[in-house]
Chemist: 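This is the structure I want to talk about, given as structure tokens.
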Amino acid sequence: MVKNKKLIKTAVKKSVRLVRTQADSPRRATKKGINSIPAKTLKELYETILRIRRFEEKIIEVYPAQDMKTPVHLCIGEEAIAAGVCIHLRKDDYIFSTHRSHGHSIAKGSDMKRMMAEFYGRKTGCSKGKGGSMHLCDPENGILGSTAIVGGGIPIAVGAALASFMKGTDIVSVAFFGDGAMDEGTFHESMNFASLKKLPIIFLCENNFYATNSPQSARQPHDNIAMRAAGYGMPGVQVDGNDVVAVYEAAKEAVDRARAGGGPSLVECRTYRWKGHVGPDCDVEKGCRPRDEHEIWLKKCPVERTRKLLLENKIMSEKEMKKLLDKINKEMDEAVEFGRSSPFPDASELFEDVYYKG
Ligand SMILES: Cc1ncc(C[n+]2csc(CCOP(=O)(O)OP(=O)(O)O)c2C)c(N)n1
């Protein structure tokens, strides 16, 4: 009995050490990785990251006018994940997202004019003005819908992967979700079923360490999400989510595996949201998160990191970057103009496209 107690103590100590070591050293980009990615792809990654950033900065700029009625959950600070994952996806692959979905939709190729129109509640919006920012869909680009129910999109993604598998296609599904969704039963049931059936799906956790204002340490016994994959018999990897090359490499492995029939994977991307849980402001002033923690993460800006990488490796010049920024800024102005000037849906359309049994 005494011996057993000692053994248990040592085992617990060891596992705690293991958790800390893994958590402290998420996978970063390898030199081999950077060299093996074509310059054109690196440029594309930077363009997507910058486009997502400018899209959300545009929302911050226009939001005070109060004619955009939807709540907005901004992903500023987390852009490298959407870019590094979606670059591996084909148009017919599926993504499923959450309340924080703007970046995923942009990276998967959604039209930003239709997204902005949706935020303004207009008929030309991607959900005909009835969904708002948390319910974006674009079936033509493989976006079957984002949902604000935490953990709600995960089993739907598994269903889509099951359908692709049963139809004998090589279409891959990606379920994007936050660390908060790990606390939901749907996550565990979905991981189990997908692994059992070897479904072509990637469980992509954007671990920003908070669910609303609740830190991960208050909700979960340890902070290593990737480790949980082992319990379901699938590969799990933890990467630096602000390092686009690291995300690119991990996502490539997972997407290639799923497409080749090798089954699901869990990818945990560690990152941080710069703004508050919802809305255009920062919540640090309100005391929701420690200021020093926030400041550390501001220094890990994915836009700046990718910009530096491209400049240092002479993949893009400052001049080219300026030209790209001008082009993207123009896209944003056009998207807002399109949204604002589009008509509202007619009241008679209220019950169209919704399940309604009168
Ligand atoms: C089932 C469910 N429970 C609670 C909520 C309220 N809620 C909305 S977002 C959120 C936090 C989600 O955190 P996380 O999944 O980590 O995503 P993040 O906001 O950090 O991107 C909560 C609790 C909800 N929408 N759905």
Side-chain angles (χ1 to χ4, degrees), residues 23 26 52-53 55-56 59-60 70-86 95-108 131-136 143 145-158 174-191 202-228 238-242 247 266-284 286 288-290 293-294 297-298 300 302:
I52 299 172
R53 173 67 59 93
F55 183 83
E56 298 216 313
I59 295 173
I60 296 174
T70 181
V72 284
H73 298 77
L74 304 181
C75 70
I76 293 186
E78 306 183 3
E79 301 92 337
I81 304 170
V85 172
C86 291
I95 63 163
F96 296 82
S97 183
T98 66
H99 51 284
R100 206 173 299 288
S101 65
H102 308 166
H104 308 139
S105 284
I106 293 173
K108 188 69 170 60
S133 146
M134 294 189 280
H135 304 105
L136 303 181
I143 303 168
S146 56
T147 164
I149 306 299
V150 174
I154 308 175
I156 303 175
V158 171
V174 177
F176 286 99
F177 53 91
D179 48 288
M182 305 285 306
D183 307 335
E184 299 289 340
T186 51
F187 167 78
H188 303 278
E189 293 169 39
S190 299
M191 291 278 285
I202 292 91
F203 295 94
L204 203 298
C205 180
E206 297 179 317
N207 181 6
N208 62 18
F209 306 100
Y210 285 89
T212 321
N213 297 330
S214 173
Q216 191 186 11
S217 57
R219 297 176 283 115
Q220 298 174 5
H222 63 75
D223 75 346
N224 192 313
I225 284 171
M227 257 175 81
R228 302 192 197 191
Q238 186 182 67
V239 296
D240 177 346
N242 286 21
V247 177
L266 172 64
V267 180
E268 174 194 358
C269 297
R270 294 162 81 87
T271 185
Y272 201 76
R273 84 175 134 72
W274 286 15
K275 298 291 170 185
H277 169 69
V278 61
D281 303 324
C282 184
D283 56 1
V284 171
K286 295 176 200 147
C288 297
R289 291 179 292 169
E293 176 188 283
H294 190 255
W297 281 93
L298 292 186
K300 299 182 185 182

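Both ligands and their constituent atoms are indexed starting at 1 by order of listing.
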Chemist: Note down each nitrogen or oxygen pair, ligand 1 side and protein side, whose separation is under 3.5 Å; give only atom names and the distance to 0.1 Å.
Modeler:
residue: ligand 1; atom: 15 (O); partner: Gly180; partner atom: N; Å: 3.2
residue: ligand 1; atom: 15 (O); partner: Ala181; partner atom: N; Å: 3.4
residue: ligand 1; atom: 16 (O); partner: Asp179; partner atom: N; Å: 3.2
residue: ligand 1; atom: 16 (O); partner: Asp179; partner atom: OD1; Å: 3.3
residue: ligand 1; atom: 16 (O); partner: Gly180; partner atom: N; Å: 2.7
residue: ligand 1; atom: 16 (O); partner: Tyr210; partner atom: O; Å: 3.2
residue: ligand 1; atom: 19 (O); partner: His99; partner atom: NE2; Å: 2.8
residue: ligand 1; atom: 19 (O); partner: Arg100; partner atom: NH2; Å: 2.8
residue: ligand 1; atom: 20 (O); partner: Asn208; partner atom: OD1; Å: 3.0
residue: ligand 1; atom: 20 (O); partner: Asn208; partner atom: ND2; Å: 2.9
residue: ligand 1; atom: 20 (O); partner: Tyr210; partner atom: O; Å: 2.9
residue: ligand 1; atom: 21 (O); partner: Arg100; partner atom: NE; Å: 2.8
residue: ligand 1; atom: 25 (N); partner: Ala148; partner atom: O; Å: 2.9
residue: ligand 1; atom: 26 (N); partner: Val150; partner atom: N; Å: 3.1

Chemist: Is the shortest heavy-atom distance from the side chain of Val85 to the side chain of Val174 under 4.5 Å?
Modeler: yes
Chemist: If we check salt bridge (Lys or Arg N to Asp or Glu O under 4.0 Å) with Arg270, which of these qualifies: Asp240, Asp179, Asp223?
Modeler: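 Among the candidates, only Asp223 passes.
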Chemist: Is Leu74 close to Ile60 at the side-chain level, that is, under 4.5 Å between some pair of heavy atoms?
Modeler: yes
Chemist: Within 45° of the axis and under 6.0 Å from the centre of the six-membered ring of Tyr210, does NZ or CZ of Arg289 qualify?
Modeler: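 Output yes; distance and angle both within limits.
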Chemist: Does His99 have its ring centroid less than 6.0 Å away from the ring centroid of His135?
Modeler: no
Chemist: What residues form a side chain to side chain donor-acceptor pair (under 3.5 Å) with Ser133, not counting sequence neighbours?
Modeler: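 Checked Ser133 against side chain to side chain donor-acceptor pair (under 3.5 Å); matches are His102.
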